[in-house]
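Step one of this worksheet: look at the structure below.
All values below were derived from every heavy atom in this structure, side-chain atoms included, with hydrogens, water molecules and symmetry-related copies excluded. In the text below, chain A, chain B and the rest are named by the order of the sequence lines, each starting its count at 1.
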Amino acid sequence: MNIEAQLKEKVLEAIQQMYGQVVDPASIQIQKTRKDFEGDFTLVVFPLLRISKKPPEQTAEELGGYLRDHLAEINSYNVIKGFLNLTINNSFWITYLNNVAAEVNYGFIHKKEKPNTVLIEYSSPNTNKPLHLGHIRNNLLGYSIAKIIASQGDKVVKVNLVNDRGIHISKSMLAWQKWGNGITPEEAGKKGDHLVGDFYVKFDQEYKKQIEELIQKGQSEDDAKKNAPLILEAQEMLRKWEAHDESTIALWKKMNSWVLAGFDVTYKNLGVDFDKIYFESDTYKLGKEIVQEGLNKGVFFKKDDGSVWVDLVEEGLDQKLLLRTDGTSVYITQDIGTAHQRFLDFNADEMIYVVGNEQNYHFQVLKLIMNKLGYSFSEYLFHLSYGMVELPEGKMKSREGTVVDADDLMDEMIRTAEEMSRELGKLDGYNEIEKAQINRTIGLGALKYFILKVDPKKNMTFDPKESIDFNGNTGPFIQYSYARIKSLIKKAQEKGIQIPDEINSNTELSLKELQLIKLIHTYPEVLYESSESLSPAIIANYIYELAKEYNQFYHEYPILNEENSDISVFRLFLSAQIGKIIQSGMNLLGIDVPERM
RNA sequence: GGACCUGUAGCAUAAUGGAUAGUGCAUCUGGCUACGGACCAGAAGGUUGGGGGUUCGAGUCCCUCCAGGUUCACCA
């Protein structure tokens with residue numbers, strides 16, 4: 001049982017003994033004592049006043065006395081207003097630290113009683129253009145959340161649903177056919193996703209010209225958009241694709257393979273992966289039968305024109321189309337189908353969709369529909385809705401060429417890390433391969449941390465010109481702290497100092513050391529919180545605080561230079577544990593830490 | 001117009017309903033004869049968008065107003 005639970009139990013006992021009442025455990029608030037006060041844990045007594053029927057100070061005093069006398073771990077207490085601050089024995093903290101050192105993955109839940117299978121979908125790109133900054137946020141979030149959930153003992157399945165069909169795909173295909181002269185990525189010297197993206201842009205440009213011409217000839221804008229020859233051709237191409245026209249399918253396969261090869265490179269660079277990749281070309285017909293069943297059951301209704309709808313007016317929403325007049329499906333139809341399919345494929349208990357907040361409504365509807373259809377898992381569908389990444393001048397617009405490309409951005413970050421290293425002379429004497437590896441770790445660490453430290457649901461601004469900081473609350477700051485710990489340990493080993501498996505429990509602790517151990521103590525809780533709220537930002541902020549506190553300690557206290565060898569060894573031991581946690585936390589964010597930098 | 005989300009210092013970002021709202025960048029001032037200065041110490045910067053309410057206690061919960069965003073397609 002952890003110390004907070006013990007405290008809580010004793011408080012309940014104390015109340016029963018002294019005031020003769022059994023209280024709701026929820027009214028017992030044990031929290032970490034704020035830095036500016038003396039103590040380790042604080043009991044807020046205000047909620048207990050109606051039971052004690054005494055003033056806050058007196059109640060706190062009485063409870064404090066009882067706890068001190070009945071719980072060996074409590075060393076002393078003090079009362080400030082309605083706050084009872086309890087101080088725990090040093091030996092408790094050192095024993096705790098020894099346990100941390102003995103654990104393989106401290107903070108993880110190794111054997112959950114009843115592990116769930118959690119399916120997490122992220123990335124979900126379209127195969128008509130390369131990945132951009134928005135996808136980076138999506139991928140980093142999905143990948144990190146998957147790791148975090150796994151750390152809490154559940155089984156995680158990472159899936160990607162690639163949108164590889166539809167009118168937008170036809171557009172780039174058509175443009176390549178018309179203006180590409182058969183060019184391949186090899187000939188163009190480009191990644192396939194970028195090449196295909198170029199033709200998507202080309203389509204748009206030519207399409208706009210045609211619209212303009214038609215408007216000149218007197219058509220309305222809406223008509224012009226519908227009647228432009230290019231869009232008609234693209235629609236025709238989509239029809240051919242759906243009719244399995246051989247040459248269309250061949251072209252589609254060829255171009256998609258280029259794009260997917262390009263994505264693979266980007267994913268690899270970014271360090272994300274998947275257990276299973278679904279393609280919409282396989283799944284887009286799913287869901288129709290389920291809608292039909294729903295229709296039979298009277299959950300949905302059919303309009304006179306034959307289209308099928310669900311009525312969500314009672315839920316405060318509108319009516320939503322599920323099948324078109326011609327019987328074909330819309331986007332949500334296939335989402336109904338894929339949800340069903342995946343729960344079957346993996347026998348999943350939960351499913352998380354990492355999708356931007358512009359689709360909040362969509363997922364609200366999806367969940368309601370699954371519920372109406374009677375799927376018990378509807379309760380366990382979660383939309384991890386994240387905010388947009390905006391530029392200082394506003395939203396990214398492909399038309400204005402302000403889209404920040406994922407590959408370019410990663411390259412730029414690594415280049416910035418290189419410049420930084422060179423200016424600081426940090427990597428003098430390392431060979432080129434080592435340098436490249438370290439700069440990559442740092443550049444990507446800066447990017448990933450910058451994005452993940454922000455609460456997912458918030459929109460964030462990203463300034464590519466000023467780039468990303470390498471000082472302060474950043475990935476490199478944390479990486480640096482880690483590298484320095486590694487360096488310390490290496491130096492110690494060179495001096496023949498052994499870091500022991502455990503530390504004597506009556507070692508004296510400074511306030512700073514105690515503070516660090518207390519921070520270490522909260523790590524499991526941080527992981528839990530982060531997993532529950534699907535927010536890597538909680539871990540990011542924690543690791544930053546840990547690194548920052550450690551750096552202060554590092555400056556204030558000699559470690560290897562400490563003359564008392566017991567103290568020196570203790571500080572090394574503490575440093576090593578902190579290094580482990582930094583590494584563990586960063587790993588959950590998908591960020592590497594360098595041995596040196 | 002309906003629904004949902006967000007508003008914290010110049011910018012960025014924290015705070016299970018708890019004590020004096022933390023932190024970084026930028027600005028200013030100090031600290032390298034080093035266990036690694038990508039660091040540390042200090043200064044300055046706030047009516048937590050406005051107004052009500054609930055509570056012993058509100059950045060946090062409720063109401064209202066303001067500002068911004070998203071969405072409400074026989075698109076995906």
Side-chain angles (χ1 to χ4, degrees), chain A residues 29 31 33-37 42 44-47 49-50 56 80-83 85 124 126 163 165-169 280 284 303 305-309 315-326 328-332 334-335 356-362 364-365 385 387-388 390 392 395 417 420-421 423-424 426 442 446 450 453-455 457-461 463 466 469-481 483-492 495 525 529 533 537-538 540-541 544-545 548 551-552 554-562 568 571-572 575 596-597:
Chain A
Q29 294 179 45
Q31 50 199 235
T33 303
R34 287 183 54 139
K35 261 188 226 163
D36 359 280
F37 299 94
T42 295
V44 185
V45 300
F46 292 109
L49 298 183
R50 59 189 78 185
I80 297 169
K81 295 197 273 183
F83 300 93
N85 301 319
S124 319
N126 295 340
N163 183 347
R165 65 164 286 280
I167 190 71
H168 49 299
I169 310 294
E280 281 196 10
Y284 78 106
K303 288 193 176 172
D305 60 10
S307 56
V308 178
W309 298 72
E315 284 82 1
L317 305 175
D318 297 316
Q319 295 184 346
K320 183 85 186 167
L321 178 85
L322 300 177
L323 287 179
R324 296 190 185 100
T325 309
D326 63 8
T328 56
S329 22
V330 291
Y331 189 64
I332 197 147
Q334 59 172 297
D335 256 353
N357 61 12
E358 71 247 342
Q359 293 199 33
N360 284 355
Y361 177 78
H362 175 78
Q364 208 182 341
V365 170
S385 157
M388 298 291 98
E390 288 171 7
K395 292 184 69 173
M420 233 35 199
S421 299
E423 273 174 35
L424 296 169
K426 286 285 181 181
I442 297 169
F450 182 85
K453 76 174 176 183
V454 182
D455 183 342
K457 64 176 183 289
K458 285 193 171 177
N459 286 354
M460 60 183 292
T461 40
D463 192 338
E466 284 185 18
D469 261 314
F470 284 64
N471 304 311
N473 184 358
T474 65
F477 171 91
I478 295 165
Q479 290 172 322
Y480 176 76
S481 310
R484 218 164 42 175
I485 289 174
K486 279 307 199 188
S487 165
L488 257 184
I489 291 170
K490 206 174 137 208
K491 277 239 163 68
K495 289 172 77 173
E525 197 182 312
E529 280 298 317
S533 54
I538 294 172
N541 287 310
Y544 170 67
E545 198 189 340
K548 192 173 139 69
N551 284 347
Q552 287 171 3
Y554 178 90
H555 272 267
E556 274 177 57
Y557 296 87
I559 299 170
L560 286 176
N561 293 340
E562 167 60 43
S568 173
R571 289 180 183 162
L572 269 172
S575 300
R596 46 194 192 177
M597 63 188 273

Does a nitrogen or oxygen in the side chain of [X] sit under 4.0 Å from OP1 or OP2 of [N]?
X         : N      : result
Lys458(A) : A14(B) : yes
Arg165(A) : A76(B) : no
Arg484(A) : A34(B) : no
Asn473(A) : G24(B) : no
Asn471(A) : C39(B) : yes

Under a 4.5 Å cut-off applied to non-hydrogen side-chain atoms, are [X] and [Y] in contact?
X         : Y         : result
Ser575(A) : Arg484(A) : no
Tyr544(A) : Lys453(A) : no
Leu323(A) : Ser329(A) : yes
Phe37(A)  : Thr42(A)  : no
Tyr557(A) : Glu562(A) : no
Gln29(A)  : Phe46(A)  : no
Trp309(A) : Leu322(A) : no
Leu321(A) : Ile332(A) : no

Legend entry - Any side-chain donor near an acceptor of the partner, Thr474(A) and Asp469(A), under 3.5 Å: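 Not at all, the side chains of Thr474(A) and Asp469(A) share no donor-acceptor pair under 3.5 Å.
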If I pick the [atom1] atom on [M] and the same atom on [N], what distance separates them, to the nearest angstrom?
N      : M      : atom1 : answer
U60(B) : G51(B) : P     : 12 Å
C25(B) : C61(B) : C1'   : 33 Å
G24(B) : A67(B) : C1'   : 26 Å
U13(B) : G46(B) : C1'   : 15 Å
G22(B) : G1(B)  : P     : 39 Å
G31(B) : U20(B) : C1'   : 29 Å
A19(B) : C62(B) : C1'   : 25 Å
U27(B) : G68(B) : P     : 32 Å

Between [atom2] on [N] and [atom1] on [X], what's the gap in Å once rounded to a whole number?
X         : N      : atom1 : atom2 : answer
Met597(A) : A38(B) : CE    : P     : 8 Å
Lys426(A) : G37(B) : NZ    : P     : 7 Å
Ile538(A) : A15(B) : CD1   : P     : 7 Å
Asn357(A) : G68(B) : CG    : P     : 17 Å
Tyr361(A) : U70(B) : OH    : P     : 17 Å
Glu358(A) : C5(B)  : CD    : P     : 16 Å
Asp318(A) : U71(B) : CG    : P     : 15 Å
Asn126(A) : A76(B) : CG    : P     : 12 Å

Would you say the side chain of [X] and the base of [N] hold a donor-acceptor pair, judged only by whether the two atoms sit under 3.5 Å apart?
X         : N      : answer
Thr474(A) : A38(B) : no
Thr461(A) : A12(B) : no
Glu545(A) : U23(B) : no

So which nucleotide does [N] pair with, by the Watson-Crick or G-U wobble rule with both distances under 3.5 Å?
N      : result
U27(B) : A43(B)
G1(B)  : C72(B)
U33(B) : none
G17(B) : none
U6(B)  : A67(B)
U55(B) : none
A38(B) : none
U60(B) : none

Tell me what [X] touches on the nucleic acid: a base, only sugar-phosphate, or nothing, going by heavy atoms under 4.0 Å.
X         : answer
Val454(A) : sugar-phosphate
Asn85(A)  : base
Asn163(A) : sugar-phosphate
Ala492(A) : nothing
Asp326(A) : nothing

Legend entry - Short side-chain to backbone donor-acceptor contact, Ser421(A) and Ala417(A), under 3.5 Å: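 Answer holds: yes.
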Inset, instruction - Would you check if the side chain of Thr328(A) reaches a backbone N or O of Arg324(A) as a donor-acceptor pair within less than 3.5 Å? - result: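 Not a single qualifying donor-acceptor pair exists.
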What's the closest nucleotide to the side chain of [X] if the choices are [options]?
X         : options                : result
Asn459(A) : A14(B), G69(B), A38(B) : G69(B)
Gln29(A)  : A38(B), U16(B), A76(B) : U16(B)
Ser421(A) : A38(B), A76(B), A19(B) : A38(B)
Pro47(A)  : G18(B), A14(B), A19(B) : G18(B)
Glu280(A) : A19(B), A76(B), C35(B) : A76(B)
Ile559(A) : A38(B), A19(B), C35(B) : C35(B)
Leu317(A) : G37(B), A14(B), A3(B)  : A3(B)
Gln31(A)  : C25(B), G18(B), C35(B) : G18(B)

Legend entry - Residue met sooner reading RNA chain B from 5', once Met388(A) and Met460(A) are mapped to nucleotides: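 Here Met460(A) is the residue nearer the 5' end.
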Legend entry - Residue whose nearest RNA chain B nucleotide is more 5′ - Ser307(A) or Lys491(A):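 Here Lys491(A) is the residue nearer the 5' end.
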Inset, instruction - Test Gln552(A) against Lys548(A) for side-chain contact (heavy atoms from CB on, under 4.5 Å), laying out the working first. - result: CA-CA 6 Å; Gln552(A) 287 171 3; Lys548(A) 192 173 139 69; 4.1 Å; yes
Inset, instruction - Take nucleotides 40-45 of chain B nucleotide by nucleotide from the 5' end and write B, S or -, depending on whether a protein heavy atom sits under 4.0 Å from the base, only from the sugar-phosphate, or from neither. - result: SS----
Inset, instruction - Evaluate whether the aromatic ring of Phe46(A) and the six-membered ring of the G18(B) base sit under 5.5 Å apart, centre to centre, with an inclination under 30°. - result: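 Check passed, Phe46(A) stacks on base of G18(B).
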